[in-house]
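First comes the structure, then the notes that go with it.
Excluded from the calculations below are hydrogen atoms, water molecules and symmetry mates; all remaining heavy atoms, backbone and side chain alike, are included.
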Amino acid sequence: MDDWDLSPPPPSEMGDREVLLDGMHLAGRRIALLVCGSIAAYRSPDVARALRRQGADVVAFVSKEARRYVTLEALEWSTTNPVVTRLTAAAEHLSDAHPFAAYLVAPATYDTINKMRLGIADGVVTATLASAIGRMEAGRTEVLVAPTMHGTMHNSLLTDSLQALRSIGVRMIQPRRAYGKNNLPDPQTIVVHVCRLLSRSPLRGVPVMVTGGPTPVPLDAIRRITNCFTGQLGIEIAKELYLRGSQVHLVHGAGSTAPPDWIPHTITPTYHDYRDRVLSLLQERDYRFGIFSAAVADYQPVQIHPGKIPSGGQWKTIQLQPTEKVIDLVSELAPQLGLISFKYQEGVTHEALMQIAHDRLQRGHLAVVANRGNETGPRGEQVAYLVTRDRSPLRMLDKPGIAMGIADWLESLF
């Protein structure tokens, strides 16, 4: 329906080629984006801008074949750097003066992968990769490959080449497999791989459990008692830690927000599923930290109707009983866990909220994230306080800011 009023867009302070930052996980890092001759090359400008949204400085190296599918102007616009298309006396493929933190081959074709394995350097991309692998073997850079080709080309020769490259340290980004093809993953998934590989965080490799979202309790086979929380905060915390390289598992109660596929996670439809999954994970792995932001149900029906409660008001009263306190079960099962719990209050003063948080610390919690519904930021953002034993409470603003504040504090413990 044509209902546009023909008015121009509102003005913006951002420049034409600027990007809105999602984070700074690649700040100060130079990334070489090597683009090969696949139809998927048309997506390489989006990959470049996704890398820049994490603060990266991106330079594109483009093969002659790739220029059939993506223009140099699009790549120069999206990277804000000149595009390297040929070998010159400046020896751009060696990058001695300005080394790269990582070389990302995306899309990586059948031809380029096999040439990498055999050491063939017959063009700008393959010659750059020859130098990149030498730098990688000296511990000075990383090389990532995103294989992209028709499934019939994923033959034993390709598999042998991928295995050989992996054995010397080249990292593989699993393709998105669909329609009989190895497709280029979405740009965000690619960026996640780069961020984790280049992370300098002391949290890299540290196992962390994160929980989030509501934990509904069933009334019958159809109806649930739940709350208004979506789980977005738990997702933001898991994302921040995962990008820093932590070994994260998110236990996410079924809500209105779903985690991205690249975060290792379990969706728990009910309170009982949530409780059982949390306890089973703690038995399966020795987690260093547990961040429990889930809005766990406090009550459940005394009786769950086996089918569907008929309409018409047969159940005018629902008798409830308290649920088990999962946080207490966690403390009993894993007393060594660095436990960070959350406390939400309505209608209390800031001083009362801080007292509630400090009372929790006395129960052995490593930290408490406390917030109250009657305090918001200047634009209505969520406000929360990280309360610990040895520091003044840290005021954090909005969900990404809360996630970053928690991650920064955990890093400080090392």
Side-chain angles (χ1 to χ4, degrees), residues 17 26 29-52 56-138 140-149 153 158 161-162 164-165 168-173 182 184 187 190-191 193-194 197-198:
R17 295 197 290 175
L26 297 176
R29 318 302 287 276
R30 296 187 81 231
I31 309 296
L33 175 60
L34 283 70
V35 185
C36 304
S38 162
I39 184 63
Y42 82 91
R43 300 181 62 197
S44 53
D46 290 335
V47 174
R49 286 176 66 82
L51 290 165
R52 289 179 57 212
D57 180 22
V58 183
V59 176
F61 293 72
V62 184
S63 72
K64 178 181 177 181
E65 292 77 13
R67 293 167 65 178
R68 298 164 58 194
Y69 307 110
V70 62
T71 67
L72 300 185
E73 288 82 359
L75 281 167
E76 184 170 338
W77 182 87
S78 59
T79 63
T80 71
N81 283 313
V83 179
V84 181
T85 61
R86 62 190 182 92
L87 302 177
T88 73
E92 295 91 345
H93 65 299
L94 302 179
S95 65
D96 285 328
H98 303 286
F100 292 101
Y103 294 77
L104 170 64
V105 193
T109 58
Y110 179 91
D111 179 71
T112 298
I113 291 169
N114 286 313
K115 284 180 176 178
M116 283 178 69
R117 186 264 180 96
L118 296 173
I120 297 172
D122 61 349
V124 64
V125 168
T126 52
T128 301
L129 284 169
S131 174
I133 290 173
R135 291 176 180 274
M136 178 196 72
E137 292 179 329
R140 294 155 59 190
T141 194
E142 301 286 354
V143 179
L144 302 93
V145 171
T148 311
M149 71 282 296
M153 301 176 74
L158 179 75
S161 292
L162 292 172
L165 291 170
I168 64 172
V170 175
R171 306 302 181 103
M172 303 297 162
I173 300 177
N182 286 331
L184 193 69
I190 293 172
V191 171
H193 281 272
V194 178
L197 186 58
L198 297 184

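- Few gaps surround OH on Y69; more than 12 heavy atoms of other groups in view lie less than 6.0 Å from it.
- Pairing each heavy atom of H93 with each of A127, the nearest pair is CD2-O, 4.0 Å.
- L198 and A101 make their closest contact through CD2-O, 3.6 Å (heavy atoms, listed as atom of the first residue, atom of the second, distance).
- Judged by distance alone, with hydrogens and angles left aside, the side-chain atoms of T112 form no donor-acceptor pair with the main-chain N or O of T109 at under 3.5 Å.
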Exercise. Give the intermediate values and the outcome of side chain to side chain contact (heavy atoms under 4.5 Å, CB included) for residues C36 and V105.
Key: CA-CA 8 Å; C36 304; V105 193; 3.7 Å; yes
Exercise. Walk me through it: do V59 and H98 pass the test side chain to side chain contact (heavy atoms under 4.5 Å, CB included)?
Key: CA-CA 11 Å; V59 176; H98 303 286; over 6 Å; no
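- Checking side-chain atoms of R135 against main-chain N and O of V143 turns up no donor-acceptor pair under 3.5 Å.
- Interatomic distance, H193 NE2 to L144 CG, rounded to the nearest 0.5 Å: 8.5 Å.
- The nearest pair of heavy atoms linking A41 to V35 is CB-CG1, 3.6 Å.
- To the nearest 0.5 angstrom, R68 atom CZ is 10.5 Å from S38 atom OG.
- For the atom pair CZ (R29) and CG (D57), the distance works out to 12.0 Å, reported to the nearest 0.5 Å.
- Here the closest heavy-atom approach between residue A74 and residue T71 is recorded as N-OG1, 3.0 Å.
- Using a 4.5 Å heavy-atom cutoff, the side chains of I173 and L104 are in contact.
- Tested against V58 for a side-chain contact (heavy atoms from CB on, under 4.5 Å), the candidates L75, T79, T80 yield a single pass: T79.
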Practice problem: Quick one: do L158 and M153 satisfy side chain to side chain contact (heavy atoms under 4.5 Å, CB included)? Show the steps, please. | Solution: CA-CA 8 Å; L158 179 75; M153 301 176 74; over 6 Å; no
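- To the nearest 0.5 Å, atoms CD1 (I120) and CG (L129) are separated by 12.5 Å.
- Here CZ of F100 is found 9.0 Å from OG1 of T141. Values are rounded to the nearest 0.5 Å.
- Other residues, nucleotides and ligands contribute at most 12 non-hydrogen atoms within 6.0 Å of the CZ atom of R86.
- Within the 3.5 Å criterion, the main-chain N or O of A146 finds a donor-acceptor partner in the side chain of T148.
- Distance check, rounded to the nearest 0.5 Å: OG1 of T126 to CG of N114 gives 12.5 Å.
- Side chain of R17 to backbone of E76: a donor-acceptor contact under 3.5 angstrom is found.
- Taking 4.5 Å as the limit, some side-chain heavy atom of L72 sits within range of a side-chain heavy atom of R67.
- For the pair I31 and L51, the tightest heavy-atom approach, listed with the atom from each and the gap, is CG2-CD1, 4.1 Å.
- A 4.5 Å side-chain heavy-atom check between S95 and F61 finds every atom pair outside the cut-off.
- When all heavy atoms of P107 and L184 are compared, the closest pair comes out as CA-CD1, 3.9 Å.
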